[in-house]
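Contents: one structure, followed by commentary.
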Amino acid sequence: MNLSEKITQLKKEKNAIILAHYYQIPEIQDIADYVGDSLGLSQKAAETDADIIVFAGVHFMAETAKILNPSKIVVLPDLNAGCSLADSCPPDEFEKFIKDNPGHTVITYVNCSAEVKALTDIVCTSSNALKIVESIPEDEPIIFAPDRNLGKYIMKKTGREMLLWDGSCVVHEAFCIDKLLDLYQKHPDALIIAHPESEEHILKTATYVGSTAGMINFVKEHPNDKFIVATEAGILHKMKQEVPEAELVPAPAQEDNTCACSECAYMKINTLQKLHDCLLYESPQIEVPEAIREKALIPIQRMLDLSLKV
Ligand code: 13P
Ligand code: SF4
């Protein structure tokens, strides 16, 4: 049996489900039961009746799954699969920031630790951030963390001031506007689409800004057949599968003169072998202290409830 066949067999024996993010390597995406964005993955994790959730993504995503479905075993192929954005918001500093700015509703982007979520009023993802912010009465001041780029984008869309935490994603901040404009000159018939973790000057050039799932849907539904894609390059695998006829050009990163693409080192730390081993040995498991879990669940559940409303 090859590795993929062994994983499929183990999955059956152990009643496990494999959830994978769009930035995972193609082999992992292809063996997953569900591939999605942060919102879709947390919805799947909340509703699954599998005994084991194998989370092929990064730590905050697996942690969110455990918070939502604590009776399940949640395993991550590699515990070092972190996130620069989550790391940019240490819980003790964030707690002080909230105390120093009293009277604010605290909205945090899901890319943060369980401890930070426990300090939060409502969580959001890139696919529902606008809706979540718009759900807060206009006279209520808002703290938005940890992504300053998503925060600025939402401020621009809503015309509403928010107090922003100064965090960012290393991958999305690596896109180079000069190289992007040069690329666009070579492909003037392409539409630029971008993830809102990208900087303002990149987002200004984009016809569509949205979550990874939103970007895939846009490419599926738009009659244009060429797109410049400004997010982590792993998304191209699913996009190509969904829209084989489209020409997809990865947006160029600053330091990159070779492959012209951006990769998240944290997402790419997971391999098929590690995925097999974590399922076989049921390790490493994600654990969240119960006191933190109970507090973090409230803002995540609020987000899920609001996401269901039309
Ligand atoms: P999505 O929720 O859009 O998939 O984003 C997750 C992420 O980490 C983007 O860098
Ligand atoms: Fe975190 Fe950025 Fe990697 Fe997404 S792409 S997991 S935000 S470091």
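Everything numeric here is computed off the predicted structure, so don't read it as measured data. Both ligands and their constituent atoms are indexed starting at 1 by order of listing.
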May I ask you to list the atoms of ligand 1 that are less than 4.0 angstrom from any heavy atom of [X]?
{"X": "H172", "answer": "10 (O)"}
{"X": "S126", "answer": "1 (P), 2 (O), 3 (O)"}
{"X": "Y23", "answer": "7 (C), 9 (C), 10 (O)"}
{"X": "S211", "answer": "3 (O)"}

Under 3.5 Å, is there a donor on one side chain and an acceptor on the other for [X] and [Y]?
{"X": "T231", "Y": "Y23", "result": "yes"}
{"X": "D30", "Y": "Q241", "result": "yes"}
{"X": "N149", "Y": "E200", "result": "no"}

Please could you name the atoms of ligand 2 that S84 approaches to less than 4.0 Å, counting only its heavy atoms?
8 (S)

Within 4.0 Å of some non-hydrogen atom of N111, the atoms of ligand 2 are 7 (S)

Identity and distance of the protein heavy atom lying nearest [atom]:
{"atom": "atom 6 (C) of ligand 1", "result": "S38 OG, 3.4 Å"}
{"atom": "atom 2 (Fe) of ligand 2", "result": "C169 SG, 2.3 Å"}
{"atom": "atom 5 (O) of ligand 1", "result": "H195 NE2, 3.3 Å"}
{"atom": "atom 10 (O) of ligand 1", "result": "E197 OE1, 2.9 Å"}

N-O pairing of [X] and [Y] below 4.0 Å:
{"X": "K131", "Y": "E134", "answer": "no"}
{"X": "K268", "Y": "E232", "answer": "yes"}
{"X": "K11", "Y": "D33", "answer": "yes"}

Is [X] close enough to touch ligand 1? Criterion: a residue heavy atom under 4.0 Å from a ligand atom.
{"X": "M267", "result": "no"}
{"X": "E232", "result": "no"}
{"X": "Y22", "result": "no"}

Classify the contact between T212 and ligand 1 as side chain, backbone, both or neither, using a heavy-atom distance cut-off of under 4.0 Å.
both

Say whether E197 and ligand 2 are in contact under the criterion: heavy-atom distance to a ligand atom below 4.0 Å.
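In this structure, E197 qualifies as a contact of ligand 2 - some heavy atom is under 4.0 Å.
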
In this structure, which one of T64, I17, L41, I286 forms a side-chain contact (heavy atoms from CB on, under 4.5 Å) with F55?
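Answer after filtering T64, I17, L41, I286: L41.
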
For H276, the option from V54, I7, T271, I31 that meets side-chain contact (heavy atoms from CB on, under 4.5 Å)
I7

From atom 3 (Fe) of ligand 2 out to just under 2.8 Å, does an N/O/S atom of C264 turn up?
yes

Quick check: F144 with W165 (ring centres under 6.0 Å apart)?
no

Surrounding NZ of K14 (heavy atoms of other residues, nucleotides or ligands, distance under 6.0 Å), is the total greater than 12?
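Enclosed: over 12 neighbouring heavy atoms sit under 6.0 Å from NZ of K14.
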
Distance check below 2.8 Å: does C83 bring an N, O or S atom to atom 1 (Fe) of ligand 2?
yes

Geometric cation-pi criterion K238 and Y22, 6.0 Å radius, 45° cone
no

Give the single entry among V110, N111, L39, L85 that approaches atom 8 (O) of ligand 1 most closely by any heavy atom.
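Answer by nearest heavy atom: N111.
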
